[in-house]
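In what follows, a structure is listed as C-alpha cells, so that the remarks can point back to it.
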Amino acid sequence: MDHPEQSPDESLTIVPAAAVRDVLQSLGTASKELVEDIYIKAAQGQLVNPDSLFLRPDEGRRERVIALPAYVAGDSEAMGVKWISSFPENLGLGLPRASALIALNDPRTGFPRAVLEGAQISGHRTALSAAVGAEALRAGDRAPAKVAVIGTGYISRTTLEVFAGLGWTGERLVVFDLDHERAQSFAAETRTLPGRLTADVSTAATLREAVEDADVVLFATTAVVPHLSESSWFKHDAVVLHMSLRDLTPEAMAGAVHVVDDVSHALREKTSLALAVEQGTVQRQDIVPVGDLLRGTVKPDRGTRAVYSPFGLGSLDIALARLVLDRARGAAGVVTVPGFTCTS
C-alpha cells in the first residue's frame, strides 16, 4: 500500500469478487507462507489483533456479523477490518451462508484505501489455516490414509481445494452432513474436482462412521452447541481440525493435545475449548499456539490425538487482503473511486 509523499491520496480502490478469486487462484504458496508468518508473529506477540466484535441482531437466532480489526507491521504493512456475516438460513434460499467485505486503511494517515470482497479471502485464509495446522501437527506428512469431512459448505470445499493445491493426497475421503442429500452432492462434486485430494470419496450414514479410523478430521459446521461427546470415536493419533469451534463437548476435548492460533482469542464466545477450560477437562497452560510449532519451540506429539481450534485472527484477513490488493491493481473489474475521502 503506497504511502503518499505529499498530499494524501483521496481515492478508494474497490476489488470485486471475480478479481479476488483470480488473484487467490494465482498466489500459489505465497498465501501459505503469509499465514505461517502471521502465526509465528502471533506466537511472538508481534501483532496488534484486538478481540473480535460480535453483532447478534437477535440473541435467540444463529445470525451474526463479526468485525475483526487488525494491524500488521513489517514490509507489507497493513491495517483494516473484516466485516463478515453468517446467516445460516441463507442456505435454504439458495444463497451463501457467509458474506463479507474487508476495508483497508492507509497505515500512515488512517484514510480508507480499499474495499475488497471478503468472503473468499476469509474462506481461503481459513482453509490455509487448516492446512498449516494439519501439516505442523502431522510433522509434514501430507498423505493421510483417511480424511473425514464433517459439514459440506463453502469452507469444507475450499479447504479440500487448498489441501490438494498444496500437494496433499489421501487414500479415502469420507463425508458427513446432517443433510444427507447435501453430503451426496458434495461427494459427487469432490470426485470430479481437478487436482482433487483423492478419487475415493464416499458418504457416511452417521457421524461416528465418518470420524472412526480417520487420520485427519475436518469440522466445518454451523454448530453453536457442542454435540459430539465421545472422544473414543477418534483414532488415538488423529488430527482434528476443529474449524467450526463448537462441535466437541468438554468431555470429547479431554486427553488431547490442544493447538490454537491465539490462546486468549480461542477461549471466547463459548467455544468448545473455552467450555473445556471452564470445566477443567483442559488446562489453559497446556494449550499451544500453532506459531510455536512452526518456529520449532514445540514439537508435535504424533502419538496423541490433537485438536486444532483456530479462532480466526483478523491479522490473517488483513494481511491476505493487502496481498490481494497489490496483485489485483489494474485487473478487470477493479475500480478506483477518485475523491472518496474528504481532505479539506
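Hydrophobic clustering of Ile, Leu, Val, Met, Phe, Trp and Tyr side chains at less than 4.5 Å, counting indirect connections, unites Leu128 with Leu197. In the hydrophobic clustering of ILVMFWY residues, with side-chain heavy atoms under 4.5 Å counting as a link, Val298 and Val307 come out apart. A continuous path of hydrophobic side-chain contacts links Leu313 to Ile40 [ILVMFWY only; heavy atoms under 4.5 Å]. Following chains of ILVMFWY side-chain contacts shorter than 4.5 Å, one can reach Val217 starting from Met253, so the two form part of one hydrophobic cluster. No continuous path of ILVMFWY side-chain contacts below 4.5 Å connects Tyr154 to Leu95, so the two sit in separate hydrophobic clusters.
Side-chain atoms of Glu251 and Thr249 form a donor-acceptor pair, as typed in the model, at a separation below 3.5 Å. Between the side chains of Arg322 and Ser76, no donor-acceptor pair is found at a separation under 3.5 Å.
Taken from CG in Leu273 to CZ in Phe311, the straight-line distance is 11.0 Å, to the nearest 0.5 Å. In this structure, NE2 on His258 lies 10.0 Å from OG on Ser272, to the nearest 0.5 angstrom. Expressed to the nearest 0.5 Å, how far OG1 of Thr152 lies from CZ of Phe176 amounts to 10.0 Å. Note that the CZ atom of Arg327 and the CZ atom of Arg329 stand 13.0 Å from one another [nearest 0.5 Å]. In this structure, Leu248 CG and Thr281 OG1 are separated by 10.5 Å, a value rounded to the nearest 0.5 Å. Here the straight-line distance linking atom CG of Leu104 with atom CG of Leu101 works out to 10.5 Å at 0.5 Å rounding.
Looking only at side-chain heavy atoms (C-beta outward), Lys82 and Pro69 stay at 4.5 Å or farther from each other. Between His265 and Val260, every side-chain heavy-atom pair lies at or beyond the 4.5 Å cut-off. Side chains of Thr203 and His180 form a contact here, defined as non-hydrogen atoms less than 4.5 Å apart. Considering only heavy atoms from C-beta on, Arg138 stays 4.5 Å or farther from Pro300 through its side chain. By the 4.5 Å heavy-atom criterion applied to side chains, Gln44 and Arg295 are counted as neighbours. Side-chain contact between Leu137 and Val259: present, with at least one pair of heavy atoms (C-beta onward) separated by less than 4.5 Å. Between Tyr308 and Val240 there is no side-chain heavy-atom pair separated by less than 4.5 Å. Side-chain contact check for Ile38 versus Val72: some heavy-atom pair is nearer than 4.5 Å.
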Please walk me through it: do Val277 and Ile287 pass side-chain contact (heavy atoms from CB on, under 4.5 Å)? CA-CA 10 Å; Val277 169; Ile287 302 171; 4.0 Å; yes
Please assess Leu160 against Phe186 for the test side-chain contact (heavy atoms from CB on, under 4.5 Å), listing each intermediate value before the final yes or no. CA-CA 11 Å; Leu160 292 180; Phe186 182 92; 3.8 Å; yes
Please report the C-alpha distance between Arg284 and Leu267 in whole Å, then the side-chain angles of each, then the deciding distance to 0.1 Å, and finally whether the side-chain contact (heavy atoms from CB on, under 4.5 Å) criterion is met. CA-CA 9 Å; Arg284 182 187 176 112; Leu267 298 180; 3.3 Å; yes
Verify side-chain contact (heavy atoms from CB on, under 4.5 Å) between Arg268 and Ser52, making sure each step is shown before the conclusion. CA-CA 10 Å; Arg268 299 182 60 228; Ser52 307; 4.0 Å; yes
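Electrostatic pairing of Arg21 and Glu161 does not count as a salt bridge here, judged by no charged N lying under 4.0 Å from a carboxylate O. A salt bridge links Glu89 with Arg62; the closest basic N to acidic carboxylate O contact falls under 4.0 Å. Salt bridge status for Arg113 with Asp106: present, with a side-chain N to carboxylate O gap under 4.0 Å.
Using a distance-only test at 3.5 Å, with no hydrogens or angles considered, a donor-acceptor pair links the side chain of Gln283 to the main chain of Gly280. Proximity of a side-chain donor or acceptor of Ser156 to a complementary backbone N or O of Gly151 within less than 3.5 Å is detected. Under a 3.5 Å cut-off, the side chain of Thr304 and the backbone N or O of Asp301 do not form any donor-acceptor pair. No donor-acceptor pair under 3.5 Å is formed between the side chain of Lys146 and the backbone N or O of Val211. Not one N or O on the side chain of Glu63 forms a donor-acceptor pair closer than 3.5 Å with the backbone of Pro88. When atom types are taken as modelled, the side chain of Arg246 and the backbone of Glu269 share a donor-acceptor pair closer than 3.5 angstrom. In this structure a side-chain-to-backbone donor-acceptor pair under 3.5 Å is present from Arg191 to Val201. Not a single donor-acceptor pair under 3.5 Å links the side chain of Tyr39 to the backbone N or O of Asp292. Judged by distance alone, with hydrogens and angles left aside, the side-chain atoms of Ser315 form no donor-acceptor pair with the main-chain N or O of Asn49 at under 3.5 Å. Put simply, the side chain of Asp177 never gets that close to the backbone of Arg182: no donor and acceptor are under 3.5 Å apart.
Relative orientation of the Phe219 and His242 rings is perpendicular, given thresholds of 30° and 60° on the angle between their planes.
Residue Ile121 is tested with Leu316, Leu323, Ile102 for a side-chain contact (heavy atoms from CB on, under 4.5 Å); the sole match is Ile102. Of the listed residues (Thr159, Val162, Val20), just one forms a side-chain contact (heavy atoms from CB on, under 4.5 Å) with His124, and that residue is Val162.
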Please tabulate, for the side chains in residues 334-341, all donor-acceptor contacts under 3.5 angstrom to protein atoms that are two or more places apart in sequence or on a different chain.
none

Could you pull out all donor-acceptor pairs under 3.5 Å where a side-chain atom in residues 223-237 meets a protein atom, sequence neighbours excluded?
| unit_1 | atom_1 | unit_2 | atom_2 | d |
| --- | --- | --- | --- | --- |
| His227 | NE2 | Asp247 | OD1 | 2.8 |
| Lys235 | NZ | Asp215 | OD1 | 2.8 |

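More than 12 heavy atoms of other residues, nucleotides or ligands shown are found within 6.0 angstrom of CZ on Arg142. Environment of CD in Glu181: sparse, with no more than 12 heavy atoms of neighbouring residues, nucleotides or ligands closer than 6.0 Å.
Of all heavy-atom pairs spanning Ala17 and Gln120, the tightest one is O-NE2, 2.9 Å. Contact between Ala98 and Ala119 at its shortest, heavy atoms only, is O-CB, 4.2 Å. Summarising the geometry of Ala214 relative to Ala238, their closest heavy-atom pair is O-CB, 3.6 Å, with the distance given to 0.1 Å. Here the closest heavy-atom approach between residue Ala210 and residue Val174 is recorded as CA-CG1, 4.0 Å. For Leu294 against Ala136, the heavy-atom pair with the smallest separation is CD2-CB, 4.2 Å. Nearest heavy atoms, Arg97 versus Leu91: N-CD2, 3.9 Å.
Counting only residues at least two apart or on different chains, the salt bridge (Lys or Arg N to Asp or Glu O under 4.0 Å) pairs with a member in residues 200-209 are Arg208-Glu212.
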